[in-house]
Amino acid sequence: MALLGRAAAARTKHDAESYFLADRGLRRTVLFAAIFGTNMTAFVMLGLPGVAYHGGISIWLMLATPLLFVMPLSFYFGYRCWLVARRYGYITPVEFYRERFQSDGLAILMFLGFVGWTVPYILTGVIGGGRALETFTDGTVPYWVGGLAVTLVVAYYTWAGGMKATAWTNTAQTALFMAFLLLIVLLVPSAAGGTERIIGTLQREQPELLVRSWEGPFSLGATVSQLILFSFIIFAFPFVWVRMISARSSKDLRISGIAYPIALVATWAPAILLGLWGAAVIRGLAGGEADSIIFMMTAQLLPTWVAAFGLVALLAIVMSSMDAQILTLSNMLSRDIVGHYRSTTSPTEQVRFARAFVLVLLALTYGVSLLDMPGIFDVAQFAFTGFAVFYPLLIAGIFWRRATKWGAIASLVVGQTIAISGYLEWYPVVGGLQPVFWGVTLGALSLVVVSLLTPRQDAAADRFHSVWNEVRHGKPQPASDQGK
C-alpha cells in the first residue's frame with residue numbers, strides 16, 4: 001500500500017483538483033473500487049459477522065434496500081452532482097450546497113456534522129486493525145501497536161498521493177478482501193465437517209438463530225429503521241460524494257452503480273454466513289468478542305497461510321475506508337474553512353494544509369481509539385445514523401427547486417437533534433423505531449414545511465437546474481467552468 005501511494009504521489013500535481021479529485025479522471029474499475037472499497041469497512045468483516053453470530057438470519061433483511069437503491073441513486077443523484085460539480089469546479093459537498101442554498105450558515109453546519117460523524121467511522125478502522133492483529137498473534141502484538149501500524153501506513157500514502165493514491169490502493173484492497181471472503185466461505189464448511197453438520201448443530205443447540213426474529217433489535221420497528229438507514233447512508237457519506245464527482249465520465253459513474261449491488265452481495269452474504277456458522281463452530285462468545293469470529297474460525301480450522309491471507313484482507317478493508325474518510329475531512333478543512341475564509345490561500349497552499357490535516361486528524365483518531373471502545377457494529381451504526389439524517393437535505397437540493405436555505409438548516413438541526421437525543425435515550429423507543437427513523441422523517445418534514453414558509457431562492461436553484469436542463473434538451477455542455 002505504501003509503494004502504491006508513493007507511485008501515485010509521483011503522478012499527482014500540487015493543485016487542488018489533482019490532489020483531491022485525481023484530476024477528475026477516475027475510470028471504471030478504479031472508480032468502482034474507490035466507491036465500494038470506501039464503504040467496505042471493518043464493519044463488514046467484523047461487525048456483520050458479530051451480529052450474525054448473536055442474531056442469526058434476522059440480519060439478512062439489511063441487504064435488501066442497498067440492493068434496491070444504489071443503482072438508481074448512482075444514475076440520478078450521483079449523475080446530477082457530477083454534472084454541476086464538473087461545470088462549476090466544486091470539490092466538496094459543503095461548497096456544492098453552500099452555493100446551491102447561498103448560505104454560509106448551512107455550510108458550517110454541514111461541515112461540523114460531516115466531521116462529527118466521520119471521526120467515529122474512522123475509529124472503526126483503527127479499532128478493527130488493532131483488535132485483528134492482537135487476536136491473530138494471541139496478544140503478542142498488542143492492540144495499541146496494531147492500531148498504530150495501520151494508522152501510520154494510511155497516513156503515509158494518503159498524505160503523499162491524495163485521491164489518486166487512495167483510489168489505487170482501494171483497487172488492490174477491494175480485490176484482497178473480496179477474494180478472502182469468497183475463499184473462506186468455501187473452505188470453512190469443508191473443514192468443519194460440511195454445511196449439513198453446521199446447520200444440524202445450530203438446529204439442535206441454537207435453533208433461534210435459524211428463525212427470523214421479530215423481537216428486540218429485529219422487531220418490525222427496528223427493521224424499518226434499518227432499512228431507512230442502509231438505504232440512505234451510501235450517498236450521504238461525504239467521502240462517497242467526492243469520489244462520485246471524481247469520475248472521468250458519466251458512463252464510468254453508471255457502470256460503478258451497476259457493479260456496486262453485485263459486489264455488495266458478494267461480500268455481505270459470505271460475512272453473514274460465516275458469522276452464523278461461527279455460532280456452531282465456536283460457542284460461548286459474548287458481546288464484542290464475536291467481532292473476530294471469522295478469524296477465530298480461520299485460525300482454528302484452516303492452514304496458517306489462510307490465516308495470514310485473512311489478516312492481510314482485514315487490514316486491506318480497514319485501510320480502504322480510513323484513507324477516503326481522512327482525505328475527505330482534510331479536503332473540507334482546507335477548502336471549506338481555510339480556503340473559504342482565507343481568500344488569499346492558493347490551491348497549492350490548500351494542498352499543503354490538507355496534507356498537514358491528514359497527519360493531525362489521524363493522530364487524534366488514534367489517540368481516541370486507545371480509550372475503552374464499544375463493539376464495531378455499535379460505533380458504525382451510531383455514525384451511520386448521523387449521516388442518514390443529511391439525506392433529505394442532499395436530495396432536496398438536487399431535485400426540488402422550492403427547497404430553501406432555511407428549510408435545509410431546519411432539516412439538519414431538527415434531524416441531528418432528534419438522532420443524537422435518541423441515542424442519549426432522552427425519549428422512549430416507540431414500536432421499536434430507532435433514532436434514525438425519527439431523525440430522517442422529522443428532518444424531511446421540517447425541510448418541506450419551512451421551505452414552503454420561507455422566500456424562494458429561484459436564482460440559486462436555476463443556476464444548478466439549468467445545467468441538468470441543458471443535458472436533458474441535448475445542448476452542448478462545457479467540461480468545466482471555473483467561474484462562479
Closest non-hydrogen atom pair, [X] against [Y]:
| X | Y | result |
| --- | --- | --- |
| A167 | L26 | CB-CD2, 3.8 Å |
| P270 | L182 | CG-CD2, 4.3 Å |
| Y341 | D336 | CE1-O, 3.6 Å |
| A408 | L393 | CB-CD1, 3.4 Å |

Determine whether a donor-acceptor pair (N or O, by modelled atom type, separation under 3.5 Å) exists between the side chain of [X] and the backbone of [Y].
| X | Y | value |
| --- | --- | --- |
| W82 | L253 | no |
| T174 | T171 | no |
| R402 | S451 | yes |
| T166 | M163 | yes |
| Y19 | W159 | yes |
| T441 | W438 | no |
| T158 | A155 | no |
| Q416 | V413 | no |
| S411 | L447 | no |
| Q325 | V119 | no |

For atom [atom1] of [X], decide whether the heavy atoms of other residues, nucleotides or ligands shown that lie under 6.0 angstrom number more than 12.
| X | atom1 | value |
| --- | --- | --- |
| R80 | CZ | yes |
| L3 | CG | no |
| Y76 | OH | no |

> Would L123 and V368 count as a side-chain contact (heavy atoms from CB on, under 4.5 Å) if you check the C-alpha gap in whole Å, the side-chain angles of each, and the deciding distance to 0.1 Å?
Replying inline: CA-CA 8 Å; L123 272 173; V368 174; 3.8 Å; yes

>> Walk me through whether Q434 and T385 qualify under side-chain contact (heavy atoms from CB on, under 4.5 Å).
In response: CA-CA 9 Å; Q434 298 171 2; T385 297; over 6 Å; no

In the structure I gave you, are the side-chain heavy atoms of [X] and [Y] within less than 4.5 Å of one another anywhere?
| X | Y | result |
| --- | --- | --- |
| W168 | R11 | yes |
| T38 | N170 | yes |
| Y97 | L394 | yes |
| L329 | F239 | no |
| H340 | E95 | no |
| L361 | L333 | yes |
| R248 | L31 | no |
| Y366 | V150 | no |

Mutual orientation of the aromatic rings belonging to [X] and [Y] [parallel < 30°, tilted 30-60°, perpendicular > 60°]:
| X | Y | value |
| --- | --- | --- |
| Y90 | F464 | parallel |
| F295 | F180 | parallel |
| H465 | W468 | perpendicular |

Selection [range] - residue pairs positive for salt bridge (charged side-chain N to carboxylate O under 4.0 Å, His left out), sequence neighbours left out:
| range | answer |
| --- | --- |
| residues 30-43 | none |
| residues 157-175 | D23-K164 |
| residues 313-334 | none |

> Given the rule in the side-chain contact (heavy atoms from CB on, under 4.5 Å) test, do R86 and I245 qualify, once you have shown the distances and angles that lead to the verdict?
Replying inline: CA-CA 7 Å; R86 200 170 185 85; I245 68 165; over 6 Å; no

>> Apply side chain to side chain donor-acceptor pair (under 3.5 Å) to residues D15 and S18 and explain how you reach the verdict.
In response: CA-CA 6 Å; D15 62 83; S18 183; 4.6 Å; no

>> Let me confirm one number: the CE-CD1 distance from M45 to I184, rounded to the nearest 0.5 Å.
In response: 8.5 Å

> Looking at CD1 of I317 and OG1 of T267, how far apart are the two atoms once the value is rounded to the nearest 0.5 Å?
Replying inline: 7.0 Å

> Can the ring centroids of F390 and F114 be said to lie less than 6.0 angstrom from one another?
Replying inline: yes

>> Salt bridge or not between D458 and R401? Use side-chain N to carboxylate O under 4.0 Å.
In response: no

>> Tell me whether R342 forms a cation-pi arrangement with F353, defined as NZ or CZ under 6.0 Å from the six-membered ring centre and within 45 degrees of its axis.
In response: no

>> One pair to check against side-chain contact (heavy atoms from CB on, under 4.5 Å): W426 and T417. What are the steps and the verdict?
In response: CA-CA 11 Å; W426 289 357; T417 300; over 6 Å; no

